[in-house]
Amino acid sequence: MSDAILVLNAGSSSLKFSVFLDDEPPKPFLRGQLEGLFTSPRFMARDEAGELAGSKEWSGGTKLGHDGAIEYLFDWGRQGALRGNRIVAAGHRVAHGGLKFTKAVRIGAEVMTALDELVPLVPLHQPHNLAAIKVVAQRAPDLPQVACFDTSFHRTQPAVAQMFALPRRFADEGIYRYGFHGLSYEYIASVLPRIDQRAATGRTIVAHLGNGASMCAMKNRQCIATTMGFSSIEGLPMGTRCGALDPGVLLYLMDRHNKDARALETLLYKESGLLGLSGISSDVRTLLASPDARAAEALDYFVYRIGRELGSLAAALGGLDAIIFTGGIGENSDVIRARVCREATWLGLILDEAANNAGGPKISRPDSRVAAWVVPANEELMIAQHTQHVLSSANE
Ligand code: ADP
């Protein structure tokens, strides 16, 4: 029997969770999710060997929210799924830590107030993250909780990389380029020394390509520029998010289409990107398999924008030593990786086709000036580690 850490990632309609045994480093024990919250909830969990550890489907129309999901999870754990291990802390993925939270933090009343104040900056994400924290606090008031932020890793960017050319008073009210996916980048930065020493100490671009997609330029494993900004719709086009957009388009849509903020939010976050361009799907697998010219064009745009951002981030770095692919697309699509690598030929990248087809991990040729790697994302481990460290330093 050991102590264990519960890691929670609460989204708008899902609650992803992992349980790690409190070892050094934390050891994965269980992982799973409750999906379809509020509509048709279903639960599935697997153990460390990938074997099914639990599953359940609720009848359609069941209104299971975050509170019910966490309650179900706790009961499931208590009924034997934890195999005698004891949850001693909960670590949460939290979208926004503002400028204030540059690292993970133990959650108390004061922190909670500060996190609530950030809700207007990320109204589609933060409320769900905070809801999970509040429900856990109600169900287990003595359980220490730690917030781990997707913005923290980007606070090392120079000031110029974090500003907008708006009148200063808007920065005073929090309008900055914050950047997101920080826990994914931080994990990659933490394993880089074991993978490629030159990439770890040099100039590396990490491409986190999933449903959400962004890129991060690291010098000596510290962020110096990233493609997401004030919000998570900036930068690369994504599954359903538009990516970089001329602000003049927004003015036009407001004037000519009478779109208010909520309508624009739906358009830009949920109806755009690969889905909007293809009219078929937000899923790269579906688009790659489709004979429709619009699917091909959506993927062309995706790769083109990644190529443009590669150039921009390489300029911010003053050169390039390595590219790392991560996220669902980055880890699994040899086709997209090959196309992106071709965009980086001018930077000195020579793809090893066979290694890329085999999934890496190294996918550049030995004579390539820029190294390319595939590294699976592991934000959950990062959260478990932060939770361990925050609590152990509090106990010292
Ligand atoms: P999220 O941002 O929601 O965590 P993921 O990192 O799971 O998303 O990435 C989801 C994306 O990965 C989808 O577009 C999916 O099509 C893509 N993907 C997963 N497996 C493959 C594959 N074998 N080939 C191409 N794309 C893939």
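Everything numeric here is computed off the predicted structure, so don't read it as measured data. Numbers here are sequence positions counted from 1. Atoms within each ligand, like the ligands themselves, are counted from 1 in listed order.
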*asked:* Give me the residue, atom name and distance of the protein heavy atom closest to atom 15 (C) of ligand 1.
replied: Asp283 OD1, 3.5 Å
*asked:* Side chain or backbone, does Lys16 bring an N or O within less than 3.5 Å of an N or O on ligand 1?
replied: no
*How far is atom 22 (C) of ligand 1 from its nearest protein heavy atom, and which residue and atom name does that atom have?*
Asn332 CB, 3.4 Å
*So, do Val7 and Val19 sit near enough that their side-chain heavy atoms are less than 4.5 Å apart?*
no
*Protein heavy-atom partner closest to atom 14 (O) of ligand 1 - residue, atom, separation in Å*: Val284 N, 3.2 Å
*Would you say Gly212 has any N or O atom under 3.5 Å from an N or O of ligand 1, going by distance alone?*
yes
*Taking N or O atoms only and a 3.5 Å limit, does Gly327 qualify as a polar contact for ligand 1?*
no
*asked:* Applying side chain to side chain contact (heavy atoms under 4.5 Å, CB included) to Met254 and Leu264, what does each step give before you reach the verdict?
replied: CA-CA 8 Å; Met254 290 161 81; Leu264 285 176; 3.8 Å; yes
*Kindly identify the option in Asn211, Leu288, Asp334, Leu287 whose heavy atom sits closest to atom 3 (O) of ligand 1.*
Asn211
*asked:* Is any side-chain heavy atom of Leu381 closer than 4.5 Å to one of Phe20?
replied: yes
*asked:* Check Glu380 with Arg31, please: is the shortest side-chain N to carboxylate O separation under 4.0 Å?
replied: yes
*asked:* Check this for me - ligand 1, His208, N or O atoms closer than 3.5 angstrom, yes or no?
replied: no
_Angle between ring planes, His181 versus His208, binned at 30° and 60°: parallel, tilted or perpendicular?_
parallel
*Can you tell which of Ser333, Pro376, Ala377, Gly328 gets a heavy atom nearest to atom 18 (N) of ligand 1?*
Gly328
*Closest approach of any protein heavy atom to atom 24 (N) of ligand 1, naming residue and atom*: Arg285 CG, 3.6 Å
*Can you tell if the side chain of Arg93 reaches within under 4.5 Å of the side chain of Leu183, non-hydrogen atoms only?*
yes
*Would you say Phe17 and Asn9 make side-chain contact, with heavy atoms under 4.5 Å?*
no
_Minimum-distance protein heavy atom relative to atom 17 (C) of ligand 1_ = Ile329 CG1, 3.5 Å
*Does Arg339 come within less than 4.0 Å of Asp300, counting only side-chain N to carboxylate O?*
yes
